[in-house]
Amino acid sequence: MVNKLFRTVTKMYDHLEKDLKIIENAHDDHIKIAEESLSTIDQSIRELKKIITPVIFEGIAEEVYFFKNLKPLFMSKYIYFMKVLSIVSSIPHSSEKARKKYYENEWDKLKKYHSENADFYNYYRRNATYMDHKYFVRNSFDLKMKLSLNLYNFDECFTASHCHQVAHILANDLLEVFLKEESEKEYHTWTKKEDHDTHLKWSASKVALIELAYALHQSNCFNGGNIEFSEIMRFFEKTFDIDLGNYYKTVTEIKDRKNGRTKFLNMLSANLHQHFKNVDDEF
């Protein structure tokens with residue numbers, strides 16, 4: 001019975017992987033891929049739960065095999081795509097430096113998880129088995145062990161104490177590949193940009209740039225006025241590789257100036273007039 005059950009579960013996982021590949025090939029957008037994949041994985045895990053919940057395994061070895069080697073395959077996919085969705089939906093668009101820092105922080109999170117779970121991580125990677133009867137058998141955990149804070153929220157019929165930790169390890173393996181690929185894309189984009197850029201840098205103050213951008217926006221200088229101020233600011237941030245912070249607050253501070261609201265624009269006008277005067281005086 002157990003061999004037949006394991007063959008069924010293996011076929012389910014093979015089918016899931018094929019469905020996930022179809023989704024991946026159908027879209028270029030990571031968010032769309034993650035959302036559709038999560039829906040597909042959820043259905044597969046629910047089906048797996050229906051099959052496993054009433055099962056009484058013939059022995060500890062069979063139960064360990066399922067919770068150590070089979071169930072984590074399904075859960076790892078779910079955890080992976082949840083993390084990808086969180087990462088790509090929160091990535092900053094202000095500058096290459098901000099994105100680089102963002103990916104570095106995600107790498108740090110993986111390292112932190114590894115460090116905080118080093119004992120079990122090493123146990124699993126070494127293919128150790130001496131604690132399997134505690135880690136991967138339902139209702140057999142030892143309270144002296146390091147356990148998940150969510151242990152009592154899990155379905156006891158479908159969960160062993162450490163099967164989720166195996167799933168996290170497998171998910172992090174996938175996430176390392178994803179972060180490496182995305183980081184390399186950012187690097188190639190940056191180096192390509194540097195090859196073609198004129199290295200034009202904004203050398204006036206950030207407040208001055210916000211004042212100029214807001215004046216251009218209010219004069220409908222971009223897209224005939226059919227564009228949000230935030231889109232214009234993202235363009236300036238990306239173009240000049242600069243973080244302009246809370247620019248709406250800065251606009252309010254410009255508006256509330258006591259001695260001339262358009263200080264930078266006035267300076268531009270005065271400098272241009274002076275330049276033209278100097279040119280006229282030369283002739």
Side-chain angles (χ1 to χ4, degrees), residues 23-24 26-38 80-110 175 177-257 260-269 271-272:
I23 294 171
E24 180 184 358
H27 305 287
D28 294 323
D29 180 39
H30 285 308
I31 292 179
K32 188 70 174 176
I33 292 172
E35 289 177 340
E36 289 194 15
S37 296
L38 285 169
Y80 166 70
F81 281 108
M82 282 292 291
K83 289 185 176 182
V84 168
L85 183 60
S86 175
I87 289 170
V88 297
S89 60
S90 302
I91 189 169
H93 296 283
S94 56
S95 67
E96 282 81 2
K97 286 183 180 178
R99 289 194 293 275
K100 182 175 181 292
K101 181 65 175 176
Y102 182 77
Y103 282 121
E104 287 175 353
N105 289 338
E106 293 302 322
W107 278 109
D108 288 342
K109 289 178 185 178
L110 290 181
L175 198 61
V177 175
F178 173 80
L179 290 174
K180 183 175 183 293
E181 291 176 348
E182 293 304 302
S183 298
E184 287 177 351
K185 287 179 186 176
E186 286 294 326
Y187 173 76
H188 290 310
T189 300
W190 174 252
T191 53
K192 185 177 179 181
K193 182 176 182 292
E194 283 202 320
D195 289 341
H196 294 87
D197 275 358
T198 58
H199 300 284
L200 191 66
K201 302 294 181 183
W202 180 260
S203 53
S205 70
K206 293 181 180 181
V207 174
L209 180 56
I210 294 170
E211 181 182 328
L212 174 62
Y214 195 69
L216 294 171
H217 173 58
Q218 291 301 317
S219 301
N220 296 330
C221 294
F222 300 106
N223 297 0
N226 297 315
I227 187 172
E228 294 293 329
F229 181 54
S230 58
E231 293 183 58
I232 296 172
M233 296 312 296
R234 282 197 294 271
F235 170 79
F236 277 111
E237 286 182 322
K238 186 174 182 180
T239 300
F240 294 117
D241 191 21
I242 188 173
D243 183 1
L244 294 173
N246 188 344
Y247 38 81
Y248 284 108
K249 180 182 177 183
T250 303
V251 169
T252 300
E253 292 171 350
I254 291 171
K255 175 179 173 294
D256 292 340
R257 284 173 179 167
R261 290 174 168 175
T262 55
K263 183 169 61 175
F264 182 65
L265 297 178
N266 292 342
M267 185 194 73
L268 290 180
S269 178
N271 287 346
L272 187 58

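Here the structure is a predicted model, which means the values were calculated and not measured. Basis for what follows: all heavy atoms, side chains included, without hydrogens, waters or symmetry-related copies.
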message: Given Glu211, which partner from the list Arg257, Lys255, Lys206 fulfils the salt bridge (Lys or Arg N to Asp or Glu O under 4.0 Å) test?
response: Arg257

query: Heavy atoms, side chains only, cut-off 4.5 Å: are Trp107 and Lys180 in contact?
result: yes

query: Do Arg234 and Glu237 sit within salt-bridge range, that is, some charged N less than 4.0 Å from a carboxylate O?
result: no

field: Closest non-hydrogen atom pair, Ala98 against Pro92
entry: O-CG, 3.7 Å

task: Measure across Asn220 and Gly225 and return the closest heavy-atom pair with its distance rounded to 0.1 Å.
output: OD1-CA, 3.4 Å

- request: Find the distance between OG (Ser203) and CG (Leu209) and round it off to the nearest 0.5 Å.
  value: 10.5 Å

statement: dist Ile31:CD1 -> Glu36:CD (nearest 0.5 Å) comes out at 12.5 Å

- prompt: Should Lys249 and Glu253 count as side-chain neighbours, where that means a heavy-atom distance under 4.5 Å?
  reply: yes

Distance, nearest 0.5 Å, that separates CH2 of Trp202 from CZ of Phe236: 7.5 Å

- prompt: What's the spacing between Glu106 CD and Ser183 OG if we round to 0.5 Å?
  reply: 10.0 Å

task: Please tell me if the side chains of Ile232 and Tyr214 come closer than 4.5 Å, counting only heavy atoms from C-beta onward.
output: no

Least distance between heavy atoms, Ala34 atom then Leu85 atom: CB-CB, 4.0 Å

- request: Quick one: do Ile33 and Asp28 satisfy side-chain contact (heavy atoms from CB on, under 4.5 Å)? Show the steps, please.
  value: CA-CA 8 Å; Ile33 292 172; Asp28 294 323; over 6 Å; no

message: For Phe235, I'd like to know if atom CZ has over 12 heavy atoms of other residues, nucleotides or ligands within 6.0 Å.
response: no

field: Where Ile91 and Tyr103 come nearest, the two heavy atoms and their spacing
entry: CD1-OH, 3.2 Å

Spacing of Glu231 atom CD and Asn223 atom CG [to the nearest 0.5 Å]: 8.0 Å

query: Within the side chain of Ser269, is there an N or O that forms a donor-acceptor pair under 3.5 Å with the backbone of Leu265?
result: no

Pairwise side-chain contact, Thr250 with Leu244, heavy-atom cut-off 4.5 Å (strictly under): no

Neighbour count above 12 (heavy atom, 6.0 Å) for Asp108 CG: yes

field: Listed once per pair and sorted, the salt bridge (Lys or Arg N to Asp or Glu O under 4.0 Å) pairs that draw on residues 81-95, sequence neighbours left out
entry: none

task: State, with a plain yes or no, whether a side-chain heavy atom of Val207 is found less than 4.5 Å away from one of Lys263.
output: no

task: Would you confirm whether Ser86, through its side chain, and Met82, through its main-chain N or O, come within 3.5 Å as a donor-acceptor pair?
output: no

- prompt: Can you check side-chain contact (heavy atoms from CB on, under 4.5 Å) on Leu175 and Phe81, steps first, answer last?
  reply: CA-CA 9 Å; Leu175 198 61; Phe81 281 108; over 6 Å; no

field: Sub-4.5 Å side-chain heavy-atom contact between Phe264 and Ile254
entry: no

statement: Smallest heavy-atom separation, Lys201 atom then Phe240 atom, equals C-CD2, 4.5 Å

Any side-chain heavy-atom pair of Ser230 and Tyr247 under 4.5 Å: yes

query: Do Glu228 and His217 have side-chain atoms, one donor and one acceptor, less than 3.5 Å apart?
result: no

- request: To the nearest 0.5 angstrom, please state how far the OG atom of Ser89 sits from the CD atom of Glu35.
  value: 8.5 Å

- request: Determine whether Leu212 and Leu216 make a side-chain contact, defined as any pair of heavy atoms from C-beta on separated by less than 4.5 Å.
  value: yes

Whether Asp243 side chain and Gly245 backbone form a donor-acceptor pair below 3.5 Å: yes

